Amino acid sequence: MAGTVTVPGSSVPSTPLLKDELDIVIPTIRNLDFLEMWRPFFQPYHLIIVQDGDPSKAIKVPEGFDYDLYNRNDINRILGPKASCISFKDSACRCFGYMVSKKKYVFTIDDDCFVAKDPSGKDINALEQHIKNLLSPSTPFFFNTLYDPYREGADFVRGYPFSLREGAPTAVSHGLWLNIPDYDAPTQMVKPRERNSRYVDAVLTIPKGTLFPMCGMNLAFDRQLIGPAMYFGLMGDGQPIGRYDDMWAGWCVKVICDHLSLGVKTGLPYLWHSKASNPFVNLKKEYKGIFWQEDIIPFFQNATLSKECDTVQKCYISLSEQVREKLGKIDPYFLKLADAMVTWIEAWDELNPSATPDAVAAAGNGKAAAK
């Protein structure tokens with residue numbers, strides 16, 4: 001595991017938000033030159049780098065960043081037999097970073113994502129916007145037609161119940177992308193030259209009861225509120241499916257957030273997604289998922305959690321049991337995935353003994369701030 005590096009005199013914000021309460025998690029197989037573009041925004045924060053692929057390969061990190069770097073040998077050493085729940089040769093390995101973080105918040109980004117510009121030409125501080133999203137309440141129970149009512153210049157519209165205006169704690173902030181859209185392989189193939197240039201200046205809460213396709217390349221979350229559910233599944237090497245890691249986590253997270261009265265926001269911030277992955281390689285990874293999702297999505301739409309599921313861990317274990325019972329009939333992979341979900345929670349609780357289920361449950365009480 002690499003040590004930390006600090007270089008004085010760099011150009012960074014004087015008072016970065018949540019400087020000591022947030023980790024940035026980055027999965028990678030290559031040198032992290034992309035961090036140079038993000039230096040003004042990321043340098044004050046601690047980075048957790050999860051190296052995928054060959055653990056003997058040296059990953060270079062630009063000077064001036066405070067970081068820990070974990071490779072597969074580190075994962076095996078830290079988790080022992082439970083390391084089997086962490087995917088290999090897939091970006092799903094990033095969730096190991098969520099597990100070892102000791103901070104309240106996590107922001108995760110891919111190494112092919114660069115700083116985008118807003119319509120005025122100003123660089124977008126994506127991390128700052130994510131933090132603003134997480135620190136303001138969500139409105140999952142009643143849709144506000146002006147989108148986020150807590151944003152400066154906005155408010156609740158006429159007819160919005162006053163009893164719901166306090167909002168719910170925000171557990172997840174889901175950002176978007178300019179340039180290369182987050183498409184599946186079939187869409188990539190039929191629209192190879194399509195680029196997203198549409199900047200929509202909006203943040204909205206995804207309503208209760210509505211699932212969404214969560215992308216892990218520009219994502220932040222309250223680790224204390226929802227961290228144990230942010231498991232990116234079994235993907236990649238040795239598995240029959242890939243590129244559904246963040247989707248799986250998003251479906252689980254949304255069901256649990258709905259049950260625990262937590263909010264999920266999507267929209268701003270944007271970043272610049274610089275390159276599209278190979279659609280033919282992606283199709284091979286996604287092939288089974290494209291068919292399975294027609295059963296997986298109804299499964300999550302109909303999943304129920306009992307009143308006894310009053311913590312994220314209890315909710316997640318209950319979902320694992322339902323995965324085993326209902327999705328296990330589709331393919332043996334889901335039996336293996338259900339086992340991995342349980343292993344993930346066991347490993348999470350071992351590495352985070354202070355985050356007991358009772359403490360996690362209490363964390364959400366009263367978190368929603370007044371406007």
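Everything numeric here is computed off the predicted structure, so don't read it as measured data.
When side chains are defined from C-beta on, N352 counts as touching K102, because their heavy atoms get closer than 4.5 Å. With a 4.5 Å cut-off on side-chain heavy atoms, F299 and Q322 count as touching. Inter-residue side-chain proximity for L283 and M189 is flagged as met; some heavy-atom pair is nearer than 4.5 Å. Here the side chains of Y150 and N133 are not in contact, with every heavy-atom distance at 4.5 Å or above. Inter-residue side-chain proximity for V115 and W38 is flagged as met; some heavy-atom pair is nearer than 4.5 Å. In this structure, the side chains of M230 and C95 stay at 4.5 Å or more apart for every pair of heavy atoms. Side-chain contact between P137 and E166 is absent, with no heavy atoms from C-beta onward closer than 4.5 Å. H259 has its side chain out of reach of V255: every pair of non-hydrogen atoms, C-beta onward, lies at least 4.5 Å apart.
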Next item on the list: Give the intermediate values and the outcome of side chain to side chain contact (heavy atoms under 4.5 Å, CB included) for residues N125 and Q129.
Entry: CA-CA 7 Å; N125 185 346; Q129 180 63 52; over 6 Å; no
Margin query: Between D237 and D90, is the side chain to side chain contact (heavy atoms under 4.5 Å, CB included) condition met? List the steps.
Written below: CA-CA 7 Å; D237 193 52; D90 191 277; over 6 Å; no
Item checked: CA sep, side-chain torsions, deciding dist, call: Y244, W251, side chain to side chain contact (heavy atoms under 4.5 Å, CB included) -> CA-CA 11 Å; Y244 273 85; W251 296 326; 4.1 Å; yes
Notebook entry, point to check: Passes salt bridge (charged side-chain N to carboxylate O under 4.0 Å, His left out), R30 versus D112? Steps please.
Noted result: CA-CA 10 Å; R30 58 182 65 87; D112 62 349; over 6 Å; no
Check: Can C309 and Y316 be said to form a side chain to side chain contact (heavy atoms under 4.5 Å, CB included), step by step?
Finding: CA-CA 9 Å; C309 294; Y316 204 72; over 6 Å; no
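Under the 3.5 Å distance criterion, the side-chain polar atoms of H273 are matched with a main-chain donor or acceptor of K275. Using a distance-only test at 3.5 Å, with no hydrogens or angles considered, no donor-acceptor pair links the side chain of T108 to the main chain of L219. Of the possible donor and acceptor atoms, one in the side chain of D52 sits under 3.5 Å from a partner among the backbone N and O of K89. The main-chain N or O of S138 is never found under 3.5 Å from a side-chain atom of K265 such that the two would form a donor-acceptor pair. Checking side-chain atoms of R223 against main-chain N and O of M99 turns up a donor-acceptor pair under 3.5 Å. A donor-acceptor pair under 3.5 Å links the side-chain atoms of Y160 to the main chain of F142, judged by distance alone. The backbone N or O of I29 sits less than 3.5 Å from a side-chain atom of K57, completing a donor-acceptor pair. Side-chain atoms of E128 do not come within 3.5 Å of backbone N or O of F41 as any donor-acceptor pair. Although no hydrogens or angles enter the test, the distance criterion places no donor-acceptor pair under 3.5 Å between the side chain of W177 and the main chain of N218. Between the side chain of S84 and the backbone N or O of A340, no donor-acceptor pair lies under 3.5 Å.
Between the OH atom of Y70 and the CZ atom of R77 there is a distance of 8.0 Å, given to the nearest 0.5 Å. In this structure, the separation between CG on L79 and CD1 on I75 is 7.5 Å, given to the nearest 0.5 Å. Rounding to the nearest 0.5 angstrom, the gap separating the CD1 atom in I26 from the SG atom in C113 is 10.5 Å. Atom CD of E63 and atom CD of E36 lie 9.5 Å apart (nearest 0.5 Å). Rounded to the nearest 0.5 Å, atoms CG (L32) and CG (L47) are 8.5 Å apart. Atoms CZ and CG, from F42 and L22 in turn, are 9.5 Å apart once rounded to the nearest 0.5 Å.
A continuous path of hydrophobic side-chain contacts links V203 to Y199 [ILVMFWY only; heavy atoms under 4.5 Å]. Both L271 and M37 belong to a single network of hydrophobic side chains, linked directly or stepwise wherever heavy atoms of I, L, V, M, F, W or Y lie under 4.5 Å apart. Under a hydrophobic clustering in which Ile, Leu, Val, Met, Phe, Trp and Tyr are joined whenever their side-chain heavy atoms come within less than 4.5 Å, directly or via other members, I297 and L337 fall into the same cluster. Taking hydrophobic clusters as Ile, Leu, Val, Met, Phe, Trp and Tyr residues chained together by side-chain heavy-atom distances below 4.5 Å, I290 does not share a cluster with Y287. In the hydrophobic clustering of ILVMFWY residues, with side-chain heavy atoms under 4.5 Å counting as a link, M235 and L335 come out apart.
The nearest pair of heavy atoms linking S277 to N282 is OG-ND2, 2.7 Å. Here the closest heavy-atom approach between residue N144 and residue D155 is recorded as ND2-O, 3.3 Å. P279 and A185 make their closest contact through O-CB, 3.3 Å (heavy atoms, listed as atom of the first residue, atom of the second, distance). Nearest heavy atom pair, residue V25 against residue V106, reads CG2-CG1, 3.8 Å. What you find for L305 and S318 is that their closest heavy atoms are CD2-OG, 3.6 Å. Scanning all heavy atoms of the two residues, the minimum distance from L225 to T170 falls at CD1-O, 3.9 Å.
Residues W292 and Y333 place their aromatic rings such that the two centres sit under 6.0 Å apart. Residues Y231 and F96 place their aromatic rings such that the two centres sit no closer than 6.0 Å. Taking the six-membered ring for Trp, W344 and F232 have ring centres at least 6.0 Å apart. Taking the centre of each ring, Y45 and F107 stay at or above the 6.0 Å mark.
At a threshold of 4.0 Å, the pair K336-D339 does not count as salt-bridged, since none of the basic side-chain nitrogens sits closer than that to a carboxylate oxygen. Between R324 and E321 there is no salt bridge, since no side-chain N of the basic residue sits under 4.0 Å from a carboxylate O of the acidic one. Between R243 and E286 there is a salt bridge, with a side-chain nitrogen of the basic residue lying less than 4.0 Å from a carboxylate oxygen of the acidic one. A salt bridge is defined here as a Lys NZ or Arg NE, NH1 or NH2 lying under 4.0 Å from an Asp or Glu carboxylate O, and R94 with D246 fails to meet this definition.
With M217 as reference, D110 is the one residue of L176, D110, I109 to meet the side-chain contact (heavy atoms from CB on, under 4.5 Å) rule.
Ring geometry, W248 versus F334: the interplanar angle falls from 30° to 60°, so the pair is classed tilted.
Between the side chains of T28 and D111, at least one donor-acceptor pair of N or O atoms lies under 3.5 Å.
Residue F143 shares its hydrophobic cluster (ILVMFWY side chains chained together at separations under 4.5 Å) with Y147, L204.
Shown here are the salt bridge (charged side-chain N to carboxylate O under 4.0 Å, His left out) partners of K326, two or more places apart in sequence or in another chain: there are none.
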